[in-house]
Number of protein chains: 2
Amino acid sequence: MNASAPRAATIVDVARVAGVSRQTVTRALHDMPGINAGTRERVLAAARELNYHPSRFGRGLVKPAGRTLGLLVGDLTNPYYGELASTVLRLAGERGWNVVMAEPGSLSDLAGATDAVVGFTGSSIEVPRAGAPNLPVVEIDPPHDHPGHGRVEFERAQASRDAVSHLLARGVRRPVVLDLLGPEGCSRRGRAFVEAFRDAGVEPAVADRASSWADLAGDRPGAGPDAVVAFNDLEGFRVLRDLRTAGLRVPQDVRVVGVDGLALGEFVAPRLSTLTIDLTEVARAALDLVVELSGPRSGEAVRVVPHRFVARDST
Amino acid sequence: MNASAPRAATIVDVARVAGVSRQTVTRALHDMPGINAGTRERVLAAARELNYHPSRFGRGLVKPAGRTLGLLVGDLTNPYYGELASTVLRLAGERGWNVVMAEPGSLSDLAGATDAVVGFTGSSIEVPRAGAPNLPVVEIDPPHDHPGHGRVEFERAQASRDAVSHLLARGVRRPVVLDLLGPEGCSRRGRAFVEAFRDAGVEPAVADRASSWADLAGDRPGAGPDAVVAFNDLEGFRVLRDLRTAGLRVPQDVRVVGVDGLALGEFVAPRLSTLTIDLTEVARAALDLVVELSGPRSGEAVRVVPHRFVARDST
DNA sequence: CTGAAAGCGCTTACAG
DNA sequence: CTGAAAGCGCTTACAG
């Protein structure tokens, strides 16, 4: 924008400095056969001198380029998102796609930089589609349906019922479900558990996801929860730690269930029981939907992937 | 490549179908003022009908575009890399850069898709710089110096000494350092610990990073290690779990130190002592080096970021 | 409100 | 071994 900013060197600048034509520059830069070694050196020297950076756009316009996928993920600090991102990177790599990643806060112009967007953030995503009305957008486990967006839905009912049966069979009577308590009430994961408990004839308490054990236990000893359904595995680890600090035994005194199925759940003691989902299947479904939506518009593009209850040591 | 594959629609196709000129298509697509509402609708309908996807390259060539950074990270399943990636995404977003991510195995043509590459993989990275001789490459904590690459080095000596003093002051006499035992011997992190122990007059055992507690303890009870330096925090969690399973108390019977400073270390019991590093500082240094290397070539581009020992409950 | 022209930076045939 | 020409798909002034 600065009028005095020097224009970046282009291939013609290099050609001029090296005293050759531009296609000779191309030849030198790409190590193509049929070029005099001395000429090549001269060109490369000129490129270095001018600090020449070829334009991706100029090249992309003329060479068949791979597709670029935009991947919008929630906090990568949570290994859950890391596992999905890792899988998407692998699958996209196999197809020769590049992946532009962004976290929701980021301002990056995804629509302008990509050929399709996959979003997995825990909330609805809104992609500013400047000039790209047909940009395929796929949401993973979105809280709401968005017409025109493809989506990968998570099926939680069966796994939640399995977890609840497991808990009740072990004598649980005073479960608490930790959840994100927004203006709309429980999250879908929370609702699935609450409904599963109710269907089994037990009314669970519901508390904020970040509640401390002291909050949950109340003041009368012995009346606290005998099971905690954490909002996710990370919070489950926290609950496990707090229970240990409080001198309570898991699973004998309190049983704990997480959600996400982090591999890390195997690395803590007691190993955390959890609701898991096959993220490879999720990623594959999302990429398939991208391909489907890239073609001529069809109807609803939806895939459903089920959760599964994994009983480990904490229940 | 398939001769029968239909050529993707371009802006001229849309213009033809809508019966307008191409700049009218541009106007309609970008919601620009000064266009008849009916015309706009007609254009958008044609775009939909043809499943028109604007070319990023055509546009990029003519509009000033943000830079695109390539970020090569080791396994995103490890929250350590996730934390770095998250920070880079945030800092890059603030500067208006897009970020193309890839894991080392991926075949993606980073050089062709980006304006600079940052690598943080635990091993040396080799970027195929097809036609991009001046592509800035910055390596984070690389095992070897690479001439021409910028690098962010981790300083471990002081933090390792601090950790060792801490352990020895608590009576540790038979420490074991778990490490990646490659053909070149210890890793740098392992060496830093081994040297710190030696300087303090204690010769540590060295074992493979994945060793089980049974491997380490040997057959004579009481002769096993009284401290374990894990390869990273994730392995530290595993050691913690194994010790618990073996009925040993941490830190009373065995003290455990991790490396990485995962936030997660606070979420386990006992909370894991570790060597931590400020990943925001690391990311910022890497991006600064990218900028520095994007300009006219200067000398060595190196930044050093120190580790710090954090004593939590496991020591 | 709409269109004809120029040009962004590169590579790919095609000549010499 | 090297160069002149065409063209990729788009946007930006400039005319009408």
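First the proteins, then the strands, lettered A, B, ... as listed; each starts at 1. All values below come from the heavy atoms of this structure, side chains included, with hydrogens, waters and symmetry mates left out.
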Quick one: [X] [atom1] to [N] [atom2], roughly how many Å, whole number?
X: A/Ile11; N: D/dT2; atom1: CD1; atom2: C1'; answer: 14 Å
X: A/Arg27; N: C/dA13; atom1: CZ; atom2: P; answer: 13 Å
X: B/Leu29; N: D/dT12; atom1: CG; atom2: C1'; answer: 16 Å
X: A/Phe57; N: C/dG9; atom1: CZ; atom2: P; answer: 12 Å
X: B/Asp13; N: D/dG9; atom1: CG; atom2: P; answer: 9 Å
X: A/Met32; N: D/dC1; atom1: CE; atom2: P; answer: 14 Å
X: B/Arg16; N: C/dG3; atom1: CZ; atom2: P; answer: 15 Å

If you check every side-chain atom of A/Lys63, which of D/dT11, C/dT11, D/dG3 has the closest atom?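 Within the option list, the nearest is C/dT11.
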
For the side chain of A/Gln23, counting heavy atoms from C-beta on, which of C/dT2, D/dA4, C/dT12 is nearest? D/dA4

Identify, between A/His30 and B/Gly58, the residue whose nearest nucleotide on DNA chain C lies closer to the 5' end.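 Taking each residue's closest nucleotide, the earlier one in sequence belongs to B/Gly58.
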
If you pin B/Leu61 and B/Pro33 to their nearest nucleotides in DNA chain C, which one's is more 5'? B/Pro33

Does a nitrogen or oxygen in the side chain of A/Ser55 sit under 4.0 Å from OP1 or OP2 of C/dG9? no

Report yes if at least one side-chain N or O of B/Ser21 is closer than 4.0 Å to OP1 or OP2 of C/dT2; otherwise report no. no

Quick one: label [X] by what it contacts on the DNA or RNA (base, sugar-phosphate, nothing), any heavy atom closer than 4.0 Å.
X: A/Thr10; result: sugar-phosphate
X: A/Val20; result: sugar-phosphate
X: A/Thr24; result: sugar-phosphate

Check ion pair [X]-[Y] (N to O, under 4.0 angstrom):
X: A/Arg156; Y: A/Asp141; answer: yes
X: A/Arg90; Y: B/Asp75; answer: no
X: A/Arg188; Y: A/Glu153; answer: no

Donor/acceptor link under 3.5 angstrom from A/Arg56 side chain onto base of C/dG9: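 Donor-acceptor pair under 3.5 Å: no.
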
For DNA chain D, report each stem as range with range, ordered by first number, or say none. Use Watson-Crick or G-U wobble pairs under 3.5 Å, at least 3 in a row.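 Stems (3+ consecutive pairs) listed as C:1-3 with D:14-16, C:5-12 with D:5-12, C:14-16 with D:1-3.
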
4.5 Å side-chain heavy-atom contact, A/Arg16 and A/Val12: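 The answer is no; the side chains never approach within 4.5 Å.
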
With a 4.5 Å heavy-atom cut-off, do A/Arg27 and A/Val43 have their side chains touching?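 No, their side chains stay 4.5 Å or more apart.
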
More than 12 heavy atoms of other groups within 6.0 Å of B/Arg303 CZ: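 Atom CZ in B/Arg303 is crowded, with more than 12 foreign heavy atoms closer than 6.0 Å.
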
Is it true that B/Ser294 and B/Arg67 share a donor-acceptor pair across their side chains at a distance under 3.5 Å? yes

